[in-house]
Amino acid sequence: MKRVYIVAMAVVAMLLLGVGSAYFSDVAKSNGNSFSSGEFDVAVSKDGHRFYDDYKLFSFDGMKPGDERIVRFYVKNRGDVPVSKISMRLNVADREDGKLSKAEALVDNTTEVGELSPNLVITSFNVTVGNVTRTLSEYIGKSLKDLNGTDIELFSGRLEQNEKIEVTMGIKFREDAGNECQTDIADVNMTLYATQ
Ligand SMILES: [Ca+2]
Ligand SMILES: [Ca+2]
């Protein structure tokens, strides 16, 4: 058994030497080559048909505790270079809408800062590409305030030109939110980062 092994090794070594001592040669030419850069562009859409570089996706007004809304949007690769990763960062700012309401004034002593975003909670979070849906369960149960400034990876893989992803987020106004949230506004800016 041991001998067979040694013989085999010797054959391999000889074959390798043979490759190094070949005398064949050949020349091929290639002229007129060039590099050009492709376009790298992602865009966002509310309906999945018309896409924009900058677009307001939602405005939910007059919400009351217990209300739930679905945010749905699409991100498309509009360029001709494949996208390998898309992430999203939310920038959330809380403000009061003018002066405090009567009931609010009794419990809210911060007139400049609103209290809404800690009371808006993610109830569902899905990303669909083609017919595959992935749930981003690690963010469910977190508030918009918790997600403020966090980089959320929406997609990783290969998104070709004109392919898109669909993102849906369920957001619920906590049932136990207090009067300090009345007439408050949470401004949400969303930035989508795409990587080649
Ligand atoms: Ca306040
Ligand atoms: Ca308030």
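All of these numbers come straight from a predicted model, not from anything done at the bench. For reference, positions follow the sequence shown, starting with 1.
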What distance do [X] atom [atom1] and [Y] atom [atom2] have between them, rounded to the nearest 0.5 Å?
X      : Y      : atom1 : atom2 : value
Arg89  : Asp151 : CZ    : CG    : 4.0 Å
Lys56  : Met190 : NZ    : CE    : 13.0 Å
Arg158 : Ser84  : CZ    : OG    : 9.5 Å
Ile165 : Thr133 : CD1   : OG1   : 11.5 Å
Ile171 : Ser124 : CD1   : OG    : 8.5 Å
Glu96  : Asp184 : CD    : CG    : 4.0 Å

If you look at every heavy atom in [X] and [Y], which pair is closest and at what distance?
X      : Y      : answer
Gly48  : Lys164 : O-NZ, 3.0 Å
Thr183 : Lys99  : OG1-O, 4.3 Å
Arg174 : Ser143 : NH2-CB, 4.4 Å
Leu192 : Met88  : CD2-CB, 3.8 Å

For this session: Would you mind telling me which of Asp41, Val42, Val44 makes a side chain to side chain contact (heavy atoms under 4.5 Å, CB included) with Asp53?
Result: Asp41
Seminar exercise, completed: Sequence neighbours excluded, the answer for ring-ring contact (aromatic ring centres under 6.0 Å, His included) partners of Phe125 is Tyr139
Problem set entry | Counterpart residues, ring-ring contact (aromatic ring centres under 6.0 Å, His included), relative to Phe58 (two or more places apart) | Phe60
Who pairs with [X] by side-chain contact (heavy atoms from CB on, under 4.5 Å), at least two apart in sequence or on another chain?
X      : answer
Tyr52  : Arg50, Tyr55
Leu106 : none
Asp61  : Ser59
Glu138 : Leu136

Exercise. So do Val129 and Glu163 actually touch side chain to side chain, heavy atoms under 4.5 Å?
Worked result: no
Exercise. Quick one: are Ile140 and Thr135 in side-chain contact, heavy atoms under 4.5 Å?
Worked result: yes
For this session: Determine, stepwise, if the pair Thr191 / Asn91 fulfils side-chain contact (heavy atoms from CB on, under 4.5 Å).
Result: CA-CA 8 Å; Thr191 309; Asn91 237 298; 5.6 Å; no
Residues 62-72, side-chain donor-acceptor partners within the protein, below 3.5 Å, at least two apart:
from: Lys64; atom 1: NZ; to: Asp67; atom 2: OD1; distance (Å): 3.3
from: Asp67; atom 1: OD2; to: Lys64; atom 2: N; distance (Å): 3.0
from: Glu68; atom 1: OE2; to: Thr123; atom 2: OG1; distance (Å): 2.5
from: Arg72; atom 1: NE; to: Glu166; atom 2: OE2; distance (Å): 3.2

Problem set entry | Side-chain donor or acceptor of Ser87 paired with backbone N/O of Ile152 under 3.5 Å | no
Problem set entry | Under 3.5 Å: donor-acceptor pair, side chain of Asn148, backbone of Val92 | yes
Which pairs would a plain distance check flag for residues 110-121, meaning a side-chain donor or acceptor within less than 3.5 Å of a matching protein atom at least two apart in sequence or in another chain?
from: Thr110; atom 1: OG1; to: Asp108; atom 2: OD1; distance (Å): 3.0
from: Thr110; atom 1: OG1; to: Val113; atom 2: O; distance (Å): 3.3
from: Thr110; atom 1: OG1; to: Glu115; atom 2: OE2; distance (Å): 2.7
from: Ser117; atom 1: OG; to: Asp94; atom 2: OD2; distance (Å): 2.6
from: Asn119; atom 1: ND2; to: Glu115; atom 2: O; distance (Å): 2.9

Problem set entry | ring-ring contact (aromatic ring centres under 6.0 Å, His included) partners of residues 151-174, not counting sequence neighbours, each pair once | none
For this session: Check salt bridge (charged side-chain N to carboxylate O under 4.0 Å, His left out) between Asp146 and all other residues, then give those that pass, not counting sequence neighbours.
Result: none
For this session: Using salt bridge (charged side-chain N to carboxylate O under 4.0 Å, His left out) as the criterion, list what pairs up with Lys172, not counting sequence neighbours.
Result: Glu175
Problem set entry | Trace of the side-chain contact (heavy atoms from CB on, under 4.5 Å) decision for Val75 with Val83 | CA-CA 11 Å; Val75 186; Val83 168; over 6 Å; no
For this session: Please write out which residues are connected to Tyr74 in a hydrophobic cluster, directly or through intermediates, given that two of Ile, Leu, Val, Met, Phe, Trp, Tyr count as joined at side-chain heavy-atom separations below 4.5 angstrom.
Result: Phe51
